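Notes follow the structure.
Because the structure is a prediction, the values reported are computed rather than measured. Chain letters run A, B, ... following the sequence lines, proteins first and then strands; every chain starts at 1.
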Amino acid sequence: MTAVAAPAQENPLVEGLERLPVHPTALVIFGATGDLAHRKLLPALYNLAHEGALPERFELIGIARRDQDHDDFRAVARESIERFSRRKPDPDVLEGLLDDMRYLPGSFDDDQVYERLTHTLAEFDHKAGQPLNRVFYLSTAPEFFPVIVGELGRAGLNKADRAETRIVIEKPFGYDLASARQLNAQVLEVFEESQVFRIDHYLGKETVQNLLAFRFANALFEPVWNRNFIDHVQITAAEDIGIGGRAGYYEHAGALRDLVQNHMMQLLALLTMEPPTAFEANRLRDEKLKVLEAIVPPRPEEVPNMAVRAQYARGVVGGKEVPGYLEEDGVDPHSRTETYAALRLHVSNWRWAGIPFYLRTGKQLARKVTEIVVTLKPVPHLALRSTGSVGVQANQIILTLQPDEGVTIQLGAKIPGTGMRIRPVNMEFRYGTSFLSESPEAYERLILDAMRGDATLFTRNDEIEALWGIIDPILTAWREDTTSPIPQYPAGSAGPEEANALLEPGHRWNRL
Amino acid sequence: MPQDVWSAENTTPDAIEAALRGLLRRAHAANELLAPARVLNLVVVIDAERRDEIAERLSGVGRYHASRTVLCTVQEGRTTLDATAAIHYEEPRNGIGVVLEQVEIEIGPRHLAHLETIVDPVVVSELPTVLWRPGGADEVVDRLLALTDVILLDSDEQPDPAAALVRARELLGSAYVVDLAWLRTTPWRERVAASFDPPWRRPALQRIAQVDVRHRGSSRACALLWAGWMASRLGWAPAPLGEGTSGAGLAGAGLAGGATRAEAEVGVRLEPVELRIPGLAGVTVACTDGFALSLDRSPGGLAARRRAPDGEETSWKVLGASRGEGGILGEGVRQALLRDPTYGPALDAARGFCPA
């Protein structure tokens with residue numbers, strides 16, 4: 001006879017609470033002196049503390065190579081919270097949070113660091129009178145991910161008695177399909193998949209999550225959300241800045257890895273997936289995986305016809321002259337790294353067969369905007385004349401993620417007057433006008449979810465590999481092509497002319 | 001914050017509404033990035049002498065402003081209807097500028113008999129309308145119920161907490177009620193729920209023997225609601241509390257009594273203490289096996305103290321910033337768009353604790 005574990009007793013006190021309980025937790029940030037920790041993680045933790053959202057027992061350990069003591073770390077943490085927090089810190093809350101911070105200096109491959117970490121975690125458990133959950137947050141350069149994972153495993157820190165252990169891994173998760181597979185294998189040798197939280201911070205943004213609300217909470221859109229009514233889709237993530245001081249990173253990444261493989265493909269998945277039966281981690285990720293697997297990766301000979309890369313050249317952005325990419329500090333003057341990438345993809349399933357999905361991203365473009373433009377098919381018969389006006393145009397649904405989060409529906413309307421002249425007008429919804437509350441930073445939501453063990457907004461191993469599987473052939477083709485000139489576009493423009501070649505007849509890029 | 005203002009004496013609701021439309025049109029014509037907020041209407045009806053106090057509280061809600069606030073001030077002896085309409089906005093920088101609308105209508109007692117005909121034309125009809133009648137829940141509220149979706153009230157404001165809870169229950173039958181006294185219990189509910197959330201501690205919820213609530217003297221309703229929440233969530237049958245023996249100091253007399261959980265008794269004690277702001281000062285939950293958890297207000301959060309069944313005590317700080325009274329009102333406005341299914345049952349149980 002098989003023993004069946006008794007189900008955990010429900011906690012009736014949580015019913016109706018907006019803020020669900022989080023188990024007492026020790027959060028360990030590897031790379032705690034890095035830019036991400038200072039700009040995002042520490043301020044996010046402060047805001048969670050301010051709102052009373054951190055667990056009732058919370059301890060933070062920062063680990064990095066810099067040789068400093070607890071107080072030095074607290075001083076730097078205070079400075080970054082005061083500078084980057086979305087709200088002015090409350091002095092008492094800030095002091096309380098800083099009091100809970102510890103710092104362990106050392107190299108990530110040094111066994112002694114993990115011995116000291118084990119000892120410190122045990123001290124926390126003892127102080128709390130209960131085992132704290134453990135969350136290891138890898139906010140380091142990606143080459144340290146396998147090192148830290150391996151060391152955590154060797155130190156026996158991949159599991160704990162009577163407490164959960166989780167690991168959060170920042171992007172980039174892999175450099176290509178092979179490295180992503182290898183990293184997955186290394187991570188899953190030490191941790192169970194249910195313990196692993198691969199971050200794509202885009203998924204923590206309110207506006208990205210709202211894509212799901214828009215699609216699945218409104219009966220208005222679902223009937224037209226398919227190949228019968230939609231003509232094509234454009235996803236744009238345009239930036240009006242260059243690479244700043246990130247040449248070292250960007251030269252190795254490029255636009256395709258930096259934005260397309262993760263953020264933009266996630267948008268595509270959320271936009272095209274089938275409705276999940278519940279907003280629950282595996283149900284949602286199963287649906288995303290299904291649709292990603294329906295995107296057939298290009299064969300090498302197809303790449304030039306479905307992908308365009310380019311680099312920004314010297315130009316004018318916002319009235320200011322800016323250098324070209326090859327003139328930027330730290331960039332190889334012969335670099336073939338793309339600062340612009342555009343793709344045409346197809347989702348080969350019943351819902352989307354034959355519909356082109358155009359993705360484009362770039363730096364130093366005319367305007368900063370992230371949006372999804374869904375263009376519907378034209379009406380089948382037009383009884384109205386279009387003389388004397390721009391005429392009837394296909395309806396568009398524009399989902400703007402930034403800078404003005406919202407939804408615009410473009411409709412044809414009659415121009416006032418005696419004739420029956422039509423022009424497009426906008427019906428607009430802007431978050432700023434309908435929700436006066438301030439959205440939390442994506443990292444606040446994601447850190448909290450990781451502490452609660454909710455992986456809905458994190459990327460699963462098979463999903464990561466499916467994402468790389470689509471992008472990998474393009475990366476390979478571009479890497480192997482060492483002779484074709486890289487198209488250039490003037491900084492401040494809408495991108496290279498060559499991107500127009502991706503468009504099917506009758507289509508054009510939406511104006512930035 | 002830039003603003004544009006219109007005002008008129010001896011005017012009409014239609015004229016006020018037309019003026020608002022004009023102000024919005026003018027703002028949009030000057031800058032097409034200005035867009036009116038469309039969240040909810042907040043209708044506030046107050047006696048003229050409280051006008052400044054309430055206006056200051058409204059200005060302290062931070063970003064949780066209603067999109068259109070209609071402030072009706074009732075002045076003894078006034079016979080005319082005068083009004084001011086204003087729009088406020090932040091200059092758009094990286095995107096749109098959100099426009100907030102504020103209307104102030106000065107009326108006399110004779111207007112109250114037909115108040116709904118004054119307010120109705122001035123609210124944005126497709127948005128939820130929240131009614132706040134500071135200091136009272138009287139015939140003015142009844143008069144406006146038909147156009148109200150949400151009633152904002154503060155059970156702590158009434159001199160008789162039992163009567164306040166009865167009135168809240170009455171109103172709950174007609175509209176959704178956001179009770180500021182209930183919102184003051186939120187951090188205390190969240191923290192107690194979290195403390196009992198680890199699976200190994202959940203069984204202790206069935207062993208609770210005593211709950212103590214320390215509260216400001218004037219916040220007995222808040223304390224009753226917290227105790228009512230515990231009772232309603234845990235299935236206790238509340239019994240009327242009697243005058244307690246403790247806490248009969250400057251802050252007033254306490255209440256003590258209990259509830260029944262299955263066959264066992266649960267002691268409930270409400271103890272008034274000195275506290276600068278409305279709300280709770282602390283709670284203690286003790287179990288039959290000796291386990292006890294205490295939470296008390298403290299700078300930067302709550303001071304937590306736990307006693308294990310073996311008597312060992314540990315203490316720590318639970319972080320969280322106080323929202324202050326401005327924050328509570330802002331939270332009330334925000335909550336008007338949400339629905340909390342636990343308030344009604346907690347309210348019923350709280351009424352069960354009220355002294356006979």
Side-chain angles (χ1 to χ4, degrees), chain A residues 7-24 45-58 87 89-97 99-100 127-131 133 162-163 368 400 402-406 428-438, chain B residues 33 35-39 62-67 94-100 186-187 189-203 205-206 229-230 233-235 298-302 304 306 308 312 314 316-322 333-334 337-343 346:
Chain A
Q9 188 182 334
E10 293 290 317
N11 175 5
L13 299 182
V14 302
E15 171 79 17
L17 294 179
E18 263 191 283
R19 213 178 331 271
L20 295 173
V22 186
H23 188 91
L45 286 167
Y46 171 76
N47 281 301
L48 291 173
H50 186 105
E51 289 169 1
L54 285 180
E56 62 168 16
R57 305 300 295 258
F58 176 76
R87 55 159 68 90
D90 174 296
D92 292 322
V93 177
L94 181 55
E95 288 307 322
L97 182 65
D99 281 349
D100 291 336
K127 190 174 89 176
Q130 61 179 306
N133 281 355
R162 295 175 58 220
K368 177 185 172 71
T400 309
Q402 59 178 355
D404 270 335
E405 302 95 326
E428 301 205 35
F429 153 70
R430 290 283 166 265
Y431 282 91
T433 63
S434 296
F435 299 96
L436 295 178
S437 56
E438 187 179 29
Chain B
L33 291 175
R38 286 292 173 258
V39 185
R63 61 173 51 245
Y64 298 120
H65 268 289
S67 44
N94 270 335
I96 55 167
V98 178
V99 180
L100 301 173
T186 304
R189 286 184 283 125
E190 286 176 351
R191 284 308 172 185
V192 170
S195 293
F196 284 93
D197 196 57
W200 71 84
R201 195 169 290 147
R202 288 179 199 172
L205 289 169
Q206 305 308 319
W229 169 71
M230 287 290 283
R233 298 315 312 153
L234 297 172
S298 138
L302 302 178
R306 188 176 63 214
E312 188 185 350
T314 49
W316 68 97
K317 166 80 76 74
V318 183
L319 296 175
S322 170
V333 174
R334 191 181 76 88
L337 296 172
L338 305 173
R339 294 295 178 265
D340 183 346
T342 59
Y343 172 67

Region of B:Arg201 that comes under 4.5 Å of a non-hydrogen atom in chain A: side chain
Pairs of heavy atoms under 4.5 Å with chain A: top-ranked of B:Ala308, B:Ser298, B:Pro203, B:Pro187: B:Pro203
side-chain contact (heavy atoms from CB on, under 4.5 Å) partners for B:Leu337, two or more places apart: B:Val39, B:Leu40, B:Pro128
Leading residue by heavy atom contact count with chain A [cutoff under 4.5 Å; candidates B:Arg189, B:Gln206, B:Arg306]: B:Arg306
Trace of the salt bridge (charged side-chain N to carboxylate O under 4.0 Å, His left out) decision for B:Lys317 with A:Glu95: CA-CA 11 Å; B:Lys317 166 80 76 74; A:Glu95 288 307 322; over 6 Å; no
Interchain contact, A:His50 with chain B, by part (heavy-atom threshold 4.5 Å): both
Over all atoms of both residues, closest heavy-atom pair of A:Arg430 and B:Ile96: CB-CD1, 3.6 Å
Contact summary for B:Pro341 and A:Gly16, nearest pair of heavy atoms: CD-CA, 4.2 Å
Nearest heavy atoms of B:Leu234 and A:Pro12, plus distance in Å: CD2-CG, 3.6 Å
Proximity breakdown for A:Pro55 and chain B, heavy-atom pairs closer than 4.5 Å: backbone
Contact class of A:Leu97 relative to chain B, heavy atoms under 4.5 angstrom: both
Distance in Å, B:Thr314 OG1 paired with A:Gln130 CD, rounded so as to fall on 0.5 Å steps: 8.5 Å
Any donor-acceptor pair under 3.5 Å from B:Trp316 side chain to A:Lys127 backbone: no
Heavy-atom pair with the smallest gap, counting every atom of A:Asn11 and B:Ala193: ND2-O, 3.0 Å
Check: A:Thr433 main-chain N/O paired with B:Arg38 side-chain donor or acceptor under 3.5 Å: no
Side-chain heavy-atom pair B:Met230, A:Leu13 within 4.5 angstrom cut-off: yes
Which atoms of B:Val192 approach chain A - backbone, side chain, both or neither, heavy atom under 4.5 Å: both
Part of B:Asp197 within contact of chain A (heavy atom distance under 4.5 Å): both
Part of B:Leu302 lying under 4.5 Å from any heavy atom of chain A: neither
A:Arg19 side-chain N/O to B:Thr186 backbone N/O, donor-acceptor pair under 3.5 Å: no
Option that, when pairs with chain A are counted at under 4.5 Å, heavy atom only, ranks first among B:Ser195, B:Gly301, B:Ala304: B:Ser195
Smallest separation among heavy atoms of A:Gly96 and B:Leu319, with atom names: CA-CD2, 3.6 Å
Toward chain B, the part of A:Asp99 with a non-hydrogen atom under 4.5 Å: neither
